[in-house]
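Everything below concerns the one structure shown next.
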Amino acid sequence: MPATTPPKTFHVKSFGCQMNVYDGERMAELLTAKGMTSASEREDADLVVLNTCHIRERATEKVYSDIGRLRRDDGTTPIIAVAGCVAQAEGSEIMARAPSVRVVVGPQAYHRLPEMVAQAAAGGRVTETDMPAEAKFAALPKRRRSGPSAFLTIQEGCDKFCTYCVVPYTRGAEISRPFADLVDEARLLVEGGAREITLLGQNVNAWAGEDDKGRATGLAGLAEELAKLPDLARIRYTTSHPADMDDALIAAHSSNEKLMPFLHLPVQSGNDRVLKAMNRSHTAEGYLRLLDRVRAGRPDIAISGDFIVGFPGETEAEFEDTLRIIDAVGYAQAFSFKYSPRPGTPAATMDGQVCGEVMDERLQRLQSALHRHSQAFNQTTIGRRCTVLVDRKGRQPGQMLGKSPWLQSVYFTGDAAIGDLVEVDMIEAWPNSVAGKLAA
Ligand code: SAH
Ligand code: SF4
Ligand code: F3S
């Protein structure tokens with residue numbers, strides 16, 4: 001590769017989960033701290049970072065088509081860095097398959113991005129996919145600015161090894177960031193403008209640490225400490241695993257007023273044989289009883305979930321158990337996916353892979369059930385007055401959008417600025433949003 005001049009502008013594009021969004025923000029802050037400026041269009045950037053997701057086959061394929069599209073009309077390309085979970089899982093394949101890629105950097109090594117980019121600009125091709133625990137966060141610049149709603153990664157990695165999932169391989173073992181570091185980072189985010197913080201982790205409720213007095217504490221204790229920040233109005237967390245939903249966290253949903261009434265708690269399937277084959281460590285009944293306890297303390301809590309249809313061996317009757325659990329829970333929101341075999345995971349070589357047409361048909365039925373429930377949930381909030389955190393402008397003139405405590409998208413017309421917390425009367429429900437009216 002010929003040497004190029006050191007890049008002055010960059011563009012970071014993140015795919016996949018919110019943790020990747022967080023990592024993308026941190027990479028952008030890091031490059032900015034090294035004197036580079038952000039280019040809003042990637043066509044203009046000297047350096048393009050593709051922060052990738054490996055969770056399903058489609059997500060992975062996107063990387064290669066994106067790399068192709070970065071070729072300019074004159075045949076040159078920017079310096080391309082592939083970061084994120086595809087970098088971790090398929091770093092050497094990327095280097096072999098895509099000669100225009102100059103940097104491959106895994107999710108635990110991106111604090112080294114600037115020096116790797118410098119090596120690339122000098123003509124090299126560099127790969128870093130080591131997983132040194134915690135080195136990354138200490139090496140990143142302090143947070144300075146934030147939108148009204150900020151992400152804060154508190155926990156990384158996964159030890160659960162669901163048989164379909166790549167995350168334990170791409171993100172490594174579960175680690176929790178230290179309590180004091182998180183309180184510091186949250187304080188800086190609030191000083192930088194955040195009114196709401198969403199605590200992130202692949203298994204966020206597995207977070208464990210020691211508080212400032214050296215006492216063992218979990219997510220509930222961390223949320224309690226963060227609630228002391230006067231200008232922080234709202235705390236959320238995602239994604240939780242049913243196995244790590246402890247009593248303290250359930251209790252926090254009634255005692256911590258800043259903890260929003262929303263719980264993303266994926267179940268994946270409503271059938272116990274499938275759940276066992278997935279290595280989910282909970283049954284359908286156990287999951288429902290857990291939600292009973294959560295709702296006993298916080299009756300209005302909105303429940304959200306993830307579902308996979310067409311896991312290997314899933315029969316029509318087993319799939320119908322998933323429809324039944326959806327009716328039993330009444331999800332406010334959900335994500336649903338067709339099973340995607342991932343290289344190296346146990347499920348990829350299981351017998352009984354389900355064909356595409358059957359998966360399509362099941363996904364459609366599942367999504368229409370979920371749609372019905374999200375509409376019904378939104379309907380239950382009609383007639384109430386609630387606080388909305390305004391986060392963006394709508395498409396119509398004068399229209400603003402924000403989030404209710406139950407994470408509904410609420411739109412209304414009126415005098416409000418991004419970052420305001422306003423009182424809104426909930427007027428009309430749709431499956432994915434609610435129309436509201438600014439209270440006088
Ligand atoms: N740690 C979280 C989320 C991980 S990934 C949890 O355990 O819930 C987000 C979602 O992607 C998963 O909940 C699952 O529904 C889906 N998913 C993961 N691997 C998948 C695969 N191989 N095929 C289809 N969907 C998958
Ligand atoms: Fe993947 Fe399961 Fe871990 Fe979630 S809990 S990240 S689905 S292995
Ligand atoms: Fe994707 Fe990695 Fe997140 S595989 S979902 S970006 S943890």
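Values in this document were obtained by computation on a predicted structure and should not be read as measured data. Each ligand, and each atom within it, is numbered from 1 in the order the structure gives.
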Task: Contact partition for P266 relative to ligand 2, non-hydrogen atoms under 4.0 Å - done: neither
Open item on the list: Just to check, does I308 reach to within less than 4.0 Å of ligand 1 when the distance is taken from its heavy atoms?
Closed with: yes
Task: Any H264 heavy atom less than 4.0 Å from ligand 1 - done: no
Task: Residue and atom names of protein N/O/S atoms that fall under 2.8 Å from atom 2 (Fe) of ligand 3 - done: C85 SG
Open item on the list: Under a 4.0 angstrom heavy-atom cut-off, which atoms of ligand 2 come close to C165?
Closed with: 1 (Fe), 6 (S), 7 (S), 8 (S)
Open item on the list: Could you tell me, atom by atom, which parts of ligand 3 come under 4.0 Å of a heavy atom of Q202?
Closed with: 7 (S)
TODO: Please examine the side chains of L421 and R234, heavy atoms only from C-beta on, and report whether any two atoms are closer than 4.5 Å.
DONE: yes
Task: Nearest-neighbour protein heavy atom for atom 14 (C) of ligand 1, which is reported as residue plus atom name and distance - done: Q268 OE1, 3.4 Å
Open item on the list: Quick check on atom 4 (C) of ligand 1 - does any protein heavy atom sit closer than 4.0 Å to it?
Closed with: no
- [ ] Answer with side chain, backbone, both or neither: which part of Y164 has a heavy atom less than 4.0 angstrom from an atom of ligand 2?
- [x] side chain
Task: Identity of the nearest option to atom 26 (C) of ligand 1, non-hydrogen atoms only, from R280, R56, R342, K160 - done: R56
TODO: Could you tell me whether R97 sits above the aromatic face of Y64, with NZ or CZ closer than 6.0 angstrom to the six-membered ring centre and within 45 degrees of the axis?
DONE: yes
Task: Test: D130 and R112 ion pair at under 4.0 Å - done: no
For residues 10-18, please give each side-chain donor-acceptor pair under 3.5 Å, one per line with the distance, not counting sequence neighbours.
residue : atom : partner : partner atom : Å
H11     : ND1  : A39     : O            : 2.9
S14     : OG   : N20     : O            : 3.3
S14     : OG   : N51     : ND2          : 3.1

Task: Salt bridge R26-E29, side-chain N to carboxylate O under 4.0 Å - done: yes
TODO: Examine the proximity of ligand 2 to C162 and report which part, side chain or backbone, both or neither, has a heavy atom under 4.0 Å away.
DONE: both
Open item on the list: I want to confirm something. Looking only at heavy atoms, which of N203, D306, T163 is nearest to atom 12 (C) of ligand 1?
Closed with: D306
Open item on the list: Looking at R171 and D23, is there a salt bridge between them, counting it only when a charged N and a carboxylate O are closer than 4.0 Å?
Closed with: yes
Open item on the list: For E314, is there an ion pair with R362 - N to carboxylate O distance below 4.0 angstrom?
Closed with: yes
Task: Electrostatic pair K160:D244 at N-O distance under 4.0 angstrom - done: yes
Open item on the list: One thing to verify: whether E25 and R143 come together as a salt bridge, which I'm taking to mean a side-chain N less than 4.0 angstrom from a carboxylate O.
Closed with: yes
Open item on the list: Which heavy atom of S404 sits nearest to which heavy atom of M426, and what is that distance?
Closed with: CB-CE, 4.3 Å
Task: Salt bridge D327-R324, side-chain N to carboxylate O under 4.0 Å - done: no
